[in-house]
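All chains are named by letter (A, B, ...) in the order of the sequence lines, taking the proteins before the strands, and each is independently numbered beginning at 1.
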There are 2 protein chains.
Amino acid sequence: MISKKTKYGLKALIYLARQYEQGPILIADLARDENIPKKFLEAILLALKNSGILQSRKGKGGGYYLGRSPRLITMGQAIRVMEGPLAPVPCVSETAYAKCTECGNENTCGIRLVMKDVRDAIAQILDNTTLADVLNRVDHAELSEKNVIDFCI
Amino acid sequence: MISKKTKYGLKALIYLARQYEQGPILIADLARDENIPKKFLEAILLALKNSGILQSRKGKGGGYYLGRSPRLITMGQAIRVMEGPLAPVPCVSETAYAKCTECGNENTCGIRLVMKDVRDAIAQILDNTTLADVLNRVDHAELSEKNVIDFCI
DNA sequence: TTTAAAACCTATCAAATCTGTAGACTAAAC
DNA sequence: GTTTAGTCTACAGATTTGATAGGTTTTAAA
């Protein structure tokens, strides 16, 4: 299960992706619109900025905005910033490998063999889904839901 | 990342699968052989028993053993007992659905759309990998590692 | 050049979860 | 009826999570 922090961060990124190239967005506005505790959100956005995904401007007229096109920001990149590695066990992580103290021989550890497949499946999806993809899917979903309503009327 | 509890539990299951139909195994032996704190392991095995995956016998000659064939126990079943649902967000869980307080409309939530795919990919693997499969893969891995060593000699 | 706005930083805190331990209780075998 | 071995209850320390408070720095505009 992903943490609230990660959910908040993803919601913020999607929100910012919708307004890409429309100038900086205030933390306060984002927090209000998405129902996220403002101070908590501050820390999350800061982490996303330090990782290069977001940029910011201080002072009047300032705020946060995407550091690059929504088509160049993947869910995998974002989730790793907030949640840590995608891998279920550290010994199969591509981005943050660490030896498992539990399993003796890595090459023949049954848990590792299976978890390697799981990691690859997760990464396959999240590293190939961009913020732009998410916006697209949401738009389509909203459209088809609207059609269902129209159909009912 | 899966917890130590889950790793311990999986190691115990693999250990028991290796000795399927060879009588009950003592918690103490299992704990010693796999380097798991005995009291912690007790609680884990009990949970696995209450879920029907394991069975036990008390008293002299007692111990734990698989409740059914290793070919009928999947990694998904075991992990759900110890770690909870496979789904990254509760609103896409098939076995433990719960509404997400964060997303307003479930049908059009971008996070949910992506996480549904992730859940399905994880479940696809873990619900189709049995303990018998794991033993097989480990055996093959050990064999090919042995061959590498032989080749070096 | 002051002033207001807004991000940035530090510290702290309560609650929950994770990991592990201690000791008494119950059931089965001999 | 004594030994064996799983079962139950309680607890405790460590870590993580989610959230708050208050001050500092940068920037734009009055």
Show me the side-chain donor-acceptor pairs of residues 112-125 of chain B shorter than 3.5 Å, one per line, residues at least two apart or across chains.
residue	atom	partner	partner atom	Å
B/Arg112	NE	B/Cys91	O	3.2
B/Arg112	NH2	B/Cys91	O	3.1
B/Lys116	NZ	B/Asp120	OD1	3.3
B/Lys116	NZ	B/Asp120	OD2	3.0
B/Asp117	OD2	A/Arg137	NH1	3.0

Minimum heavy-atom distance B/Arg71-B/Ala132, with the two atoms named: CG-CB, 3.3 Å
Any side-chain to backbone donor/acceptor pair from B/Asp133 onto B/Thr130? Under 3.5 Å, distance only. yes
Contact check, residues 82-100 of chain A vs DNA chain C, heavy-atom distance under 4.0 Å, returns none
Backbone N or O of B/Leu48 within a donor-acceptor pair of the B/Ser51 side chain at under 3.5 Å? yes
Out of D/dC8, D/dA19, D/dT20, minimum distance to the side chain of A/Lys39 belongs to D/dT20
Just jot down the side chain to side chain contact (heavy atoms under 4.5 Å, CB included) partners of B/Thr101, sequence neighbours excluded, or say none. none
Listed in order of residue number, which residues of residues 6-30 of chain B have a non-hydrogen atom at under 4.0 Å from DNA chain C? B/Tyr8
What residues form a side chain to side chain contact (heavy atoms under 4.5 Å, CB included) with A/Thr108, not counting sequence neighbours? A/Asn105, B/Ala141, B/Glu142, B/Glu145
Pair up each side-chain donor or acceptor in residues 23-47 of chain A with any protein partner under 3.5 Å, not counting sequence neighbours, and list the distances.
residue	atom	partner	partner atom	Å
A/Asp29	OD1	A/Arg32	NH2	2.5
A/Asp33	OD2	A/Tyr15	OH	2.6

Taking all non-hydrogen atoms of both residues, which atom of A/Gly52 and which atom of A/Arg68 are closest, and how far apart? O-NH1, 3.5 Å
For A/Ser3 and for B/Gly63, locate the closest nucleotide of DNA chain D by heavy-atom distance; then report the residue assigned to the nucleotide nearer the 5' terminus. B/Gly63
Between A/Pro90 and B/Lys7, what is the shortest heavy-atom contact and its length? CD-NZ, 4.3 Å
Under the ring pair (Phe, Tyr, Trp, His ring centres under 6.0 Å) definition, can you give me all pairs with a residue in residues 77-117 of chain B, not counting sequence neighbours? none
Sequence neighbours excluded, every pair satisfying side-chain hydrogen bond (donor to acceptor under 3.5 Å, both in side chains) that has a member inside residues 17-26 of chain A: A/Arg18-A/Asp139
Roughly, in whole Å, what's the span from NZ in B/Lys5 to C1' in C/dT19? 10 Å
Can you name the atoms? Protein N/O to nucleotides 13-16 of chain D N/O, anything below 3.5 Å, with the distance.
none

Heavy atoms within less than 4.0 Å of DNA chain D: which residues of residues 40-62 of chain A have one? Give them sorted by number. A/Phe40, A/Lys58, A/Gly59, A/Lys60
Pairing residues for A/Ser93 by the side chain to side chain contact (heavy atoms under 4.5 Å, CB included) criterion, not counting sequence neighbours: A/Pro85, A/Ala87, A/Thr95, A/Ala96
Pairs where residues 116-136 of chain B contributes a residue and the test ring pair (Phe, Tyr, Trp, His ring centres under 6.0 Å) is met, not counting sequence neighbours: none
